[in-house]
Structure formats: structure tokens, C-alpha cells
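In what follows, a single structure is set out as C-alpha cells and then discussed.
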Amino acid sequence: MNENTMLKPALIGGVLLGILSALPLINYFNCICCAWVILGSVVAARLYVKESSTPVTLGRGVALGLLTGLIGTLVFALFSIPLFVMTNRTGIMEQLKQTIAQMPNLPPETRDAVESLASQGNITAVIYVIGFFFMLVVNCLVAMIGGAIGVAIFEKRKSGGAPSEPPQIPPPPPADLPPPLPPTDPAA
Amino acid sequence: MEHPMGRIFRSNFLSPRFFAAGAWGILCACICAPPILASAGCPVAAAFLTCMFSPVCHQIPARSFWFLGLPLAVCHRCFGIYLGLFLGSLIRNPWMHRSNRTRRIWVLAAIAPLAFDALLPCSGLWDNTPASRFATGLLFGIPIASLLVRGIEEFLMEAPWRRIAAGNSLLKEASCE
């Protein structure tokens, strides 16, 4: 099994994960235990198990999930940028302000500080970048789980335990060597 | 048959188990941090952490645990899952990995209560409670963490860089001879 065969299922699962997580309204399904992240990596694991001629190990499933999570988060970011521009870069700041507004006993100067912070475009971009890296970590961890679940459910062939090393066959003797001596009789 | 590297990973402090436990532990700490930060006078940091979890949880206050007068960053079920993943990373489950079949049964048994608790309220047959949401999340997280730890161990054992490193050492030995 080589790593090239892993790329195609990871791409399919990652694109599925990224697009479904970025689309408005549909992305709310991620609130159900990261449904799209798990689904994307399980789909990738299913495709990989189907294509593989040898039994797939859990390690391969985890690696596949990691790759799917990375690709999916990148696809999500690519799809989110147009949405980020279209929403006038206020989405996350509005959410931040709403969260702060729900906090009890907050001094008014803190609210003013948040208002002034929200008016700065650069801060919003920085928050988006930090949010992207946070999401990358969470998506990769959850996708690793999805990959392992996918392999555990769909791999029904018996695995040979640990990965086998290539057999160590001694090299053939050179052709110009003399023929081996006949066995000597120890009694003689 | 157990791979000899498996024993090394288990005995090493920086093993996959501790890596997984550390990652999930940090996430659990981030989930519990917003109320503490807010009460300590850092409401912006608290709100920021809460917003970070918004893409992965609905964060409905009525469906979240409250601490120091504020909800945690995720709901009951998600908190149960994250806590289960953290605790499950610390517990060794040798029964799960006896065969592919037992592994599949464990995974399906972990998913089933969570799925029933989440879907049965739609049919009106069952009304879930904070305790049931948290417990089913926890029951899902603990066995799945064992699956993940085992997967990371196997991934590190069969990683391509290990073969490359082994190849280099063999080449060096050959050149010395």
C-alpha cells in the first residue's frame, strides 16, 4: 500500500467536508458532533478500504483522517473567504459582541472597548486567522477519529497485525564462484 | 503478535496516549475556561474562546452546563464527548482490539446510545435530559479515544519516515563494512 492511493479518498472526503462546512445553513449540521467532519473522513475511509487490496490498519485510517481534515479545512477556508468579504467582515465580531452582551455584571467601559475593537478591520482579520488555525486543529483531531471509525466499521478483512517488513532474502551468489565442496564424512 | 515498537510507545512518556490525552485535555480546559476568564476580569478572552467553538457546537445556553454564572463553551453532549475522549486516552482498553469484529462491535455500541439519545426525541418516544446527553457523550468518547490512541500508535509504527530512517542506518552499516 503506498501513500498515493490515500490522496484520492482524502481529496474526495476533504472537499466534501470543506464545502458542506462552509455552506450557509448546511454548516449547522457541524453542530451535531462535528457531523460533516466525521462524515467526510468516514467517506474517505470507506473509499480507501474499498480500493485497498490489503487489509487497512487503524494507523492508515488515522493518517487518512488527518489528511482529510487538513484538506477539508483548506477547502473550507477557500470557500469562506468570499463569504467573509460578502458579509462585510462583521460576522465574527458581531458574534463576539453578542457573547459579551450575554455576560452579566460587565462594566460599560469593557463594552466600549469591544465596540472600538470591532471597528478595526485588521483585528477582525487577525481573529479570522486565529480561528482558522483553531479550526484546523479541531478538524484534524475529529477527522482522525472519523478515519479510525471508518476503518473499524468498514474493514472486515483480517489484518496481519503489525506491518510486515520486506522479506530479507540473501543475494544470489556470483556466477563465477567455484561450486560448493561435497560434504565431508566426519567418521573418516 | 505485538510489534516491539508498541512496547516502546507505551513505556515512553511522550507516547501517543499522552499526546492524545494532552490534546483533548487542552480542549477540555478551553471549554471550561470562558466562565473562569470572565469572572477573572477577561471577558474579551472568554468571548473569544466561546466564539472559537461556535463552528463545532450550537452552544445553546439551556443545553449547556453553567459555571460561575456563565455557560461552558459547548453543550452537554459535546462536553461529554470531549471529556470522554480525554479520560479514554488515559485508560487502556485491551478488549477492544482483539479482532476487527470486536472493534466494530465496540464502535457501534459507542455510537448507538448517542444516536438514540439524539434522534429519539424527534419521534416523541424519549425526551433527553442534561444527564442523558452528557452520559451518552461520555460513553461515546471513552471507547473512541482508545481507538484513536491505537490508531496513532499504528500510524507511528508504519510511518514512512521510520522506514527511511531504517534504510539510512542500513546504508551506513553497509558503508562501514
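Sequence lines set the chain letters: A, B, ... in the order given, protein chains first and strands last, and positions in each chain run from 1. A quick note: this is a predicted structure, and the numbers were derived from the prediction, not measured.
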>> Is it true that, when you exclude B:W95 itself, more than 12 heavy atoms of the residues, nucleotides or ligands shown sit nearer than 6.0 Å to its CH2?
In response: no
>> Which atoms of B:L147 are under 4.5 Å from chain A, going by heavy atoms: the side chain, the backbone, both sets, or neither?
In response: both
> Which region of B:I105, side chain (C-beta onward) or backbone (N, CA, C, O), has a non-hydrogen atom less than 4.5 Å from a non-hydrogen atom of chain A, or is it both or neither?
Replying inline: neither
>> How long is the straight-line distance from SG of B:C32 back to CZ of B:F65, given to the nearest 0.5 Å?
In response: 10.0 Å
> Tell me, side chain or backbone of A:M135 under 4.5 Å from chain B's heavy atoms, or both, or neither?
Replying inline: side chain
> With chain B, which of A:F154, A:F134, A:W36 has the greatest number of heavy-atom pairs at distances under 4.5 Å?
Replying inline: A:F134
> If we only count heavy atoms from C-beta on, is the B:P143 to B:V107 side-chain gap below 4.5 Å?
Replying inline: no
> Tell me, side chain or backbone of B:V56 under 4.5 Å from chain A's heavy atoms, or both, or neither?
Replying inline: both
> Under 3.5 Å, side chain of A:S21 to main-chain N/O of A:L17, donor-acceptor pair present?
Replying inline: yes
> Of the listed residues (A:L141, A:V137, A:V138), which shares the most heavy-atom pairs with chain B below a 4.5 Å separation?
Replying inline: A:L141
>> Please identify, among B:G41, B:P55, B:C78, the residue contributing the most non-hydrogen atom pairs under 4.5 Å to chain A.
In response: B:P55
> chain A heavy atoms under 4.5 Å from B:W24: which part of the residue, side chain, backbone, both or neither?
Replying inline: side chain
> Non-hydrogen atoms of chain A under 4.5 Å away: do they reach the side chain of B:I152, the backbone, both or neither?
Replying inline: both
>> Let's test your reading of the structure: which of B:R101, B:H58, B:H97 forms the most heavy-atom pairs below 4.5 Å with chain A?
In response: B:H58
> B:S99 versus chain A, heavy atoms under 4.5 Å apart: side chain, backbone, both or neither?
Replying inline: neither
> Using non-hydrogen atoms only, which part of B:A145 is less than 4.5 Å away from chain A: side chain, backbone, both, or neither?
Replying inline: neither
